[in-house]
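Before any comments, here is the structure.
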Amino acid sequence: MTEEMISPPARVLDSDRGRIGRSIGGAVRRHVGGNVSLAIGIGIVGLMVLLAAFASVIAPYDPLKQDVANALLAPGEAGHLLGTDQLGRDVLSRLLYGARLDIFVALGSVIFPFTIGIAIGIVAGFRGGWVDSLLVGVIDVVFAFPVLVLLIALLFVLGPGILTIIVAITLVDWVAYAQLTRTSARRERNQEYILAARTGGIPVWRILLRHMLPNIIAQPVVLAFSDALLIILTITTLGFLGLGVPPPQPDWGTMISEAQPYLSTQWWLGVAPGVAIIFTGLGLSLIADSLAERLDAR
Amino acid sequence: MADQLLEVKDLCVHFGGGRTLLGKKKVPFEALKGIDFSIAAGEAFAIVGESGAGKSTAARCVVGLQKSTRGEITFQGAPLGFHRDRDQRRAVQMVFQDPYSSLSPRMTVGGALAELLRVNKVCGTKEAARERAGELLEMVGMPPSALDQRPRAFSGGQRQRIGIARAIALEPALLVADEPVSALDVSIQASILGLLKRLQRELGLTMLFISHDLAVVRQLCDRVAVMCDGEIIEMGPVSEVLAAPREEFTKNLLAAATDLPDLEMEPLAAPPPKP
Amino acid sequence: MSASVNGNGADPVASRSLLSVRDLRLGVGGEDSGFEPVVGATLRADRGEVVGVVGESGSGKSLTMRAIAGLLPPGVELRGGAIDVDGIDVATASKAQLRKLHGEKVGMIFQEPMTALNPTMRIGTQIAEAARAHHDVSRAEAKRRAIELLGRMGFADPENRYRLYPHELSGGMRQRVVIAIALAGEPGLLLCDEPTTALDATVTMRVLDLLVGLASEFDIGVIIVTHDLGVAARICDRIVVMYAGRMVEEGPAGEVLRRPRHPYTLALLRAVPTRDSTIQDLRAIPGSPPRPGDDLPGCPFAPRCEFAEPACLGPVEVTAVGDGRMTACRRHEVLAGMVSARG
């Protein structure tokens, strides 16, 4: 009851996130069942991670090597499976290296907020008192800003670059995990097994890590997967706005952005990274949704 | 009274006092309005009352889960505060009400017991802790195979046995039991009460028993305090208080106890052998 | 009020019988992979009667109630038997008939009063709304009925209490509001699932006495599901004992509680502390209740039963043993022989 009253805007936004991240996955799951959809999701994401990890081995060309003589080749021409862009760079190679970059950034942008948010949320929820009130205040303030606007502002302050993107997303995103964890921790701290551990003299860090965390980690994990999808979309949005990964590094958003003038003539330049984003997003969405479904069933 | 194991004097707990952001004083809820009682070593003392009477709050103060607003608790002649050292903590342990939530769901029974034993330096090594955990389970009538299972695998009664094993693991002098059978099926309650009674005798435990069930108190306890609205209104030997209550509230409580008509069945001489 | 309730389908020639459940079987999961939490519940209730359904967790008592009310949780299906509530066959009822069932034929009360009430609505409005949902009455008339019901539930000054919100009431008062809502549609049958488990002993007594009063005053059938034999002893005319999804014994309350004809009932009575017993008198029932999905050939209680013989693993038959009593124990004569001379 009290949790719901403390920060209504945060809750609304939070459930929205979960829903957006899960909606596509949910549609698939209803057709093929939870286990199959989880397997497909893991398969897709695993494939993308593998492709990204071994980009340097698989990629047929140097993604940065320009060859203006062979610019804007159609797919299949002159050994370029997906053609070349306006500077003659191999699209397939750029796609693979772009995957590496985007997945790396997404991973960082999930892991840091995930860890920091859970740590702060669990301590605040367990301790209560002024620590908790402070956290609730911070959460409300951060949630009150539109996320993208806040991100863009931070990027202007910190200057563009991969690390900046991760730092900026972390600064905004940890509150989602903190809020989720705090609510669970407040619920769990009055459970008798926590009281029993306290009476038994188990140190607080141990209670939080060994007794409480395993029982509340599920929801943040689901959020992480649906969030990863949103972060990839955010990165590509930033890239499209010219605030993402600085050129000439390939990333999917920048690729779509650069392909814009050629959409009517060389449509594959934009479609190829677009498909890659949708494909990865589908995988993440499938995982997030079937995990959530499993946890709900319990 | 030197032979008292636990003495509680003028214990008060207020919830939600303090001031609002604008400096307005908030009216606190007085869960305990200054209660006094003492428990002699080896005694089984009961606190009875209805929900909200403050009996659980009193129990939580005694085990150190709740800060008191005022008053003092003396244990074995020394003051017992909210912050306790290891020995003080070990000496007062608790059996909880709900066996479905009182065991750590993701830990094996043996793992949780061993952690408790090692953190409190009862056992030095992993092996010793595991062995001791097995012995504890045996004491409460659970097979050693339970060590490697999670709480999910057990029924309510079995879980409460595990909860009791945890409470006696640190060899406490005082065992606080907060409604230990009220969440259990009727057919299981008797066996848990019997187990508590046996352990009390064998381990020489002193017990503080919180209950709303007068029949259970009558079975298990020597003295009883009746609580109402944060105060103890009547206290004395169980046989006296429950047979001849002085206070109107206690009389109502007794009248509300749902008693069964007497069974008109001969007791079995000896149960016939099982097929 | 009382006249209008009596008028609800009260045909002077109609039988007093209100509810009959025969050999109810409920299943979970597929026909071959799932299990059956209820495998033979038989139950009846007449007008003006208070029936106690007694059993421990897992006995199937709550699911049986939900089946009667046509409110089975998703995943649970009716696999056999018949439920007849005042002329409606619940198993084959149409949507329209089910709507009629809820509220007009059957009112239901659950364990936790707070979750049954809307926290943002005045209690009187909630009762009036329930009255309007089932009967074509004006707002003013519904309000008048709600106030009347509140008064009947023991609220002093019902005109003013009408305007209170649920959080302003104590647990016992909330449960009275829930009962008033259940009665607003003027049902003939009131199903109460552990109505007093969340309440204190002194409050429990008052709510129970209220229910008994309602049964005779409004001439409705009241079924109380409880795990507390004391509750059943205090208010029930008849008791049905359930174990592992089956009806094991049924009969007049005094008879069943004093001279049980099923070993489970006897064991349960011996396990409960009473005024005069000491802890040495208490006999815990050995073993634990079967878990859902356990394979139980024959009598489900046989593995824990002191009277069991090999034949108990064979098919179980429910036998009438006089005085309107039924038992599912084939050795009921042994128990009959144990009745002490003074009884």
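Order of the sequence lines sets the chain letters (A, B, ...), proteins ahead of strands, with each chain counted from 1.
Between C/Arg270 and B/Leu263, the closest side-chain pair of non-hydrogen atoms falls below 4.5 Å.
For the set C/Met205, C/His227, C/Glu56, the count of heavy-atom pairs under 4.5 angstrom toward chain B peaks at C/Glu56. Contact count versus chain C (heavy atoms, under 4.5 Å) is highest, among B/Ser51, B/Pro261, B/Ser187, for B/Ser187.
For C/Ala267, no part lies near chain B; criterion is any non-hydrogen pair under 4.5 Å. In this structure, the portions of C/Arg258 lying under 4.5 Å from any heavy atom of chain B include both its backbone and its side chain. Both the backbone and the side chain of C/Leu335 come within contact range of chain B, with heavy atoms under 4.5 Å apart.
Taking CD1 of C/Ile285 as the reference point, atom CD of B/Gln189 lies at 11.0 Å (rounded to 0.5 Å).
Within 6.0 Å of CD in C/Glu317 there are 12 or fewer heavy atoms belonging to other residues, nucleotides or ligands. More than 12 heavy-atom neighbours from other residues, nucleotides or ligands sit within 6.0 angstrom of CD on B/Glu247. For CD of C/Glu333, the number of neighbouring non-hydrogen atoms (other residues, nucleotides, ligands) closer than 6.0 Å is 12 at most.
When each of C/Asp228, C/Val54, C/Val272 is checked for a side chain to side chain contact (heavy atoms under 4.5 Å, CB included) with B/Val186, only C/Val272 meets the rule.
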